[in-house]
Number of protein chains: 2
Amino acid sequence: MKGENRKQEIIQTAAKLFTEKGYSAVTMRDLAKAMGIKAASLYNHINSKQDILKSIIISLAETFTNGMESIKASNDNSIEKLKKIVTLHVEITSQNAYGMASLNNDWMHLEEQLDYYLKLRSDYEDDFRLIINRGIKTNELHNVNAEVALFSMLSTLRSLYLWLPKKEDIQKEQLTANLIEVLLDGINN
Amino acid sequence: MKGENRKQEIIQTAAKLFTEKGYSAVTMRDLAKAMGIKAASLYNHINSKQDILKSIIISLAETFTNGMESIKASNDNSIEKLKKIVTLHVEITSQNAYGMASLNNDWMHLEEQLDYYLKLRSDYEDDFRLIINRGIKTNELHNVNAEVALFSMLSTLRSLYLWLPKKEDIQKEQLTANLIEVLLDGINN
DNA sequence: GTCTATATTTTGATAGAC
DNA sequence: GTCTATCAAAATATAGAC
């Protein structure tokens, strides 16, 4: 489709601005200025501000869902599945850190797609929880509180967008390995 | 001071609304409606919307700074200090979860106090990092990547506001113990 | 301490020329 | 595809009556 490139450019620029100030505090005039055009011109490429937010968030949420489906379908044991989840988060976040910020912080400003997003997120967390519980049952994992373990891993993985852009020097694979070590084995000697 | 109670009531109500939609998306009319009065009436108690945000964030940030000073001043070893940091976060978050949401998500909308806040946060992270590095040096901790360990612990502790309100049934002490176990010892068997 | 009324600015979005 | 001009709604905040 003609002009689809320009639309993607607008969406990426918007994601960066949303990361810095949040969806509500970014005006169409801010976005236009960052693109070097006037606000009215944006509407030749996008339908509305809300449309931009939807484009950023939904595709990312679906990418996580697809990744989790693939992990569920594998024959890996629980530990391997958890490692793959870490890899999934590092992979997606390193490709679109600004989008991840919007996903994490501005999902509540979705309108028509809010319920759909909440369903995707809830299902993702359920799958994650199931893997942890399975690992405890098979003695692959300590008998920790599963909810606390889930919360801790998810909090860390969801915050990666804050941290990954600053660490371009570190290899993605090295970071993934370090994260797996800290999240699975802890830091205590 | 007369009416100081009403001011605190407004600040607490605002913190709750900020948690749900973010500072920028909450209007003075929203806040007034939640208080059961008209927007103009709010200005008899507070100077501006910005003034409310400042009141929420700065006092919390200073509470963290004071807590960290106390931990630094103690004679505890590194592990004990890390445990005390976990306790500090659970303590503060359980007392003011909505305020913690604003602290985490709306600090960038501070105006006059932004630089002061950033200094407090940066110093806090430096102190935290020093404790981890000391623990590695003394062999109390694994030789993990200190930055990754700091990032993981901070991400989890900063996300507590999302999770604590849902778990009122769990004893605060039990949660603290579970968190320490997961963060320090990991989940791997 | 709360109200009504209002000033001023800013917002998302549209119409139509080029 | 971008512009100027503009609209209608919504925002923060103030003034002054009660």
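Every chain is numbered from 1 and lettered A, B, ... according to where its sequence line falls, protein lines coming before strand lines. Below, each value reflects all heavy atoms present in this structure, side chains not excepted, and no hydrogens, waters or symmetry copies.
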Can [X] and [Y] be counted as having a side-chain donor-acceptor contact under 3.5 angstrom?
{"X": "Ser152(B)", "Y": "Thr156(A)", "answer": "yes"}
{"X": "Asn66(B)", "Y": "Glu62(B)", "answer": "no"}
{"X": "Ser48(B)", "Y": "Gln50(B)", "answer": "no"}
{"X": "Glu9(B)", "Y": "Asn5(B)", "answer": "no"}

Interatomic distance, [X] [atom1] vs [N] [atom2] [rounded to whole Å]:
{"X": "Ile46(B)", "N": "dA13(D)", "atom1": "CD1", "atom2": "C1'", "value": "10 Å"}
{"X": "Arg6(A)", "N": "dG1(D)", "atom1": "CZ", "atom2": "P", "value": "9 Å"}
{"X": "Asp51(A)", "N": "dG12(C)", "atom1": "CG", "atom2": "C1'", "value": "13 Å"}
{"X": "Glu9(A)", "N": "dG1(D)", "atom1": "CD", "atom2": "P", "value": "12 Å"}

Legend entry - Validation row: Leu164(A), Leu175(A) side chains within 4.5 angstrom (heavy atoms):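 Result yes, sub-4.5 Å side-chain heavy-atom pair found.
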Inset, instruction - Please tell me if the side chains of Ile85(B) and Met68(B) come closer than 4.5 Å, counting only heavy atoms from C-beta onward. - result: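 They are in contact (side-chain heavy atoms under 4.5 Å apart), so the answer is yes.
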Inset, instruction - List in numerical order all residues of residues 26-39 of chain A for which some heavy atom is under 4.0 Å away from an atom belonging to DNA chain D. - result: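 Per residue number, the list reads Ile37(A), Lys38(A).
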Got a list of protein N/O to nucleotides 15-18 of chain D N/O distances below 3.5 Å?
none

Inset, instruction - For the residue pair Phe64(A) and Tyr124(A), categorise the inter-ring angle as parallel (less than 30°), tilted (30 to 60°) or perpendicular (more than 60°). - result: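 Taking Tyr124(A) first and then Phe64(A), their aromatic rings stand perpendicular (interplane angle over 60°).
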Legend entry - salt bridge (charged side-chain N to carboxylate O under 4.0 Å, His left out): pairs with one or both residues in residues 13-24 of chain B, sequence neighbours excluded: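 Matches after skipping sequence neighbours: Lys21(B)-Asp30(B).
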